[in-house]
Amino acid sequence: MKQPKFQEIANKIEQRVAEGIYVSSQKLPSEYDLADEFQCSRLTVRKAIERLISQNLLIKEKGKGTYVMKRPKIKSGSGGLQSFTETAQIQGKETKTKVLEYELIKELPANIKQVFGEYADEPMIHLRRLRYFEKEPMTVENLYILKRYLGEATKKELSGSLYQVIEKNIEIAYSHQEVEAIKVTSEIAELLNVSVGEPLLFVHSLTYSPDAKPILYDCSFYRADRYTFKNTLIRQKKE
């Protein structure tokens, strides 16, 4: 059954937002211009806009026009130590993962050796993954994991929650995490569908078992326009 004209227009505007043609906080063309473009009445355009306002995609400011609603950033850390997949599931969102690289490392880089200390001589897996949040590329993960904690994980399992795979072999307890702002390189920009030079969040963290055994080292790139980190800092008492 053919969709009503206003729904077709709503779908087209929604598609433009998803593709970045209309960006966050951008003012849309006037109802006159949209009616002219879609060859319909202003009433039909208005009905399409009202539909998208009800879906929290657009917002109308009286006397000024209609704008793309600023999208809330995804918060990591607000529920404790959670994987990307777990964070999305709690928010009722879908994720997708593309495994870019999977290899057994014969010789670790010096800086990674330093991170793992006495465990650096053990077999180590290097895993690179592109993670999507609601079909939108969100982060490029660059992971080093002690092979014994992955067991015989399949490629399908490595495309889901890595924590779930690891916790079949060892308990995950805590992670030390650092976040810094950097400018995106051409390779990462292409993967995340952002412009070269845009700011990114570079996150490097080391995750431990309860008895302080290092499990995985994560150095990942997150889109600064769509992701934020929330942490709780505890003030130490003075003696």
Side-chain angles (χ1 to χ4, degrees), residues 18 74-109 111-177 185 187-194 200-223 226-227 229:
I74 304 159
K75 289 185 180 180
S76 175
S78 57
L81 181 55
Q82 295 171 333
S83 69
F84 182 89
T85 304
E86 290 166 341
T87 301
Q89 287 174 344
I90 288 169
Q91 297 180 30
K93 305 296 184 181
E94 292 183 358
T95 62
K96 185 179 79 171
T97 301
K98 182 179 181 181
V99 176
L100 303 174
E101 193 175 341
Y102 176 85
E103 61 177 338
L104 179 65
I105 297 291
K106 293 181 180 179
E107 183 65 29
L108 281 175
N111 63 316
I112 306 299
K113 276 187 177 181
Q114 187 175 2
V115 166
F116 282 95
E118 63 183 287
Y119 298 92
D121 293 329
E122 288 196 29
M124 193 82 60
I125 295 295
H126 177 220
L127 178 63
R128 287 183 79 227
R129 307 191 299 176
L130 176 60
R131 312 297 305 276
Y132 293 82
F133 186 92
E134 291 285 279
K135 300 180 181 179
E136 188 175 21
M138 196 62 57
T139 176
V140 177
E141 295 177 336
N142 191 42
L143 310 161
Y144 292 87
I145 313 148
L146 286 163
K147 187 176 185 303
R148 60 175 160 141
Y149 298 140
L150 290 180
E152 300 300 322
T154 64
K155 188 173 181 179
K156 183 178 179 181
E157 288 177 307
L158 294 175
S159 296
S161 172
L162 206 56
Y163 280 12
Q164 289 181 12
V165 174
I166 290 170
E167 286 182 318
K168 294 177 182 176
N169 302 290
I170 190 170
E171 182 182 348
I172 294 173
Y174 60 94
S175 180
H176 289 161
Q177 185 181 82
T185 62
E187 182 210 1
I188 300 298
E190 185 175 352
L191 288 170
L192 292 178
N193 196 26
V194 297
L200 283 184
L201 297 176
F202 179 58
V203 182
H204 36 112
S205 57
L206 184 58
T207 300
Y208 295 89
S209 66
D211 57 354
K213 288 187 175 71
I215 297 172
L216 72 91
Y217 180 62
D218 179 359
C219 33
S220 300
F221 301 90
Y222 289 82
R223 285 179 53 173
R226 296 288 287 117
Y227 216 92
F229 286 80

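The pair Arg128-Glu103 does not count as a salt bridge, with every side-chain nitrogen at least 4.0 angstrom from each carboxylate oxygen.
Distance CG/Leu100 to CG/Asn142: 10.0 Å, rounded to 0.5 Å. Between atom CD of residue Gln177 and atom CG of residue Leu206 there is a gap of 11.5 Å, rounded to the nearest 0.5 Å. We find the OH-CD1 distance between Tyr119 and Ile215 to be 10.5 Å, quoted to the nearest 0.5 Å. In this structure, Thr207 OG1 and Ile166 CD1 are separated by 7.5 Å, a value rounded to the nearest 0.5 Å. Here the OG1 atom belonging to Thr97 is positioned 10.0 Å from the CG atom belonging to Leu158, to the nearest 0.5 angstrom. Within the model, atoms OH of Tyr144 and CG of Leu127 stand 11.0 Å from one another, a figure rounded to the nearest 0.5 Å.
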What do the steps show when you test Ile112 against Tyr217 for side-chain contact (heavy atoms from CB on, under 4.5 Å), and what is the final call? CA-CA 8 Å; Ile112 306 299; Tyr217 180 62; 3.6 Å; yes

Leu162 vs Leu150, side-chain contact (heavy atoms from CB on, under 4.5 Å): CA-CA, chis, key distance, verdict: CA-CA 9 Å; Leu162 206 56; Leu150 290 180; 4.1 Å; yes

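Proximity of a side-chain donor or acceptor of Arg129 to a complementary backbone N or O of Gly160 within less than 3.5 Å is detected. Formation of a donor-acceptor pair under 3.5 Å by the Thr139 side chain with backbone atoms of Phe221 is found in this model. Between the Glu157 side chain and the Thr154 main chain, a donor and an acceptor come within less than 3.5 Å of each other.
Under a cut-off of 6.0 angstrom, the local environment of CG in Asp121 is sparse, with at most 12 non-hydrogen atoms contributed by other residues, nucleotides or ligands. Summarising the local packing, CD of Glu190 is surrounded by 12 or fewer heavy atoms from other residues, nucleotides or ligands at distances under 6.0 Å.
Pairing each heavy atom of Met124 with each of Leu104, the nearest pair is O-CD1, 3.4 Å. The minimum heavy-atom distance between Pro137 and Asn193, with the atom names listed, is CG-CB, 4.0 Å.
In this structure, Phe116 has no ring pair (Phe, Tyr, Trp, His ring centres under 6.0 Å) partners at least two apart in sequence or on a different chain. The side-chain contact (heavy atoms from CB on, under 4.5 Å) check on Val194 picks up Val184, Ala189, Leu192, Glu198, Arg223, with sequence neighbours excluded.
In this structure, the side chains of Lys113 and Glu107 come closer than 4.5 Å at one or more pairs of heavy atoms.
Among Glu136, Lys96, Glu141, the one residue that satisfies the side-chain contact (heavy atoms from CB on, under 4.5 Å) test with Arg131 is Glu141.
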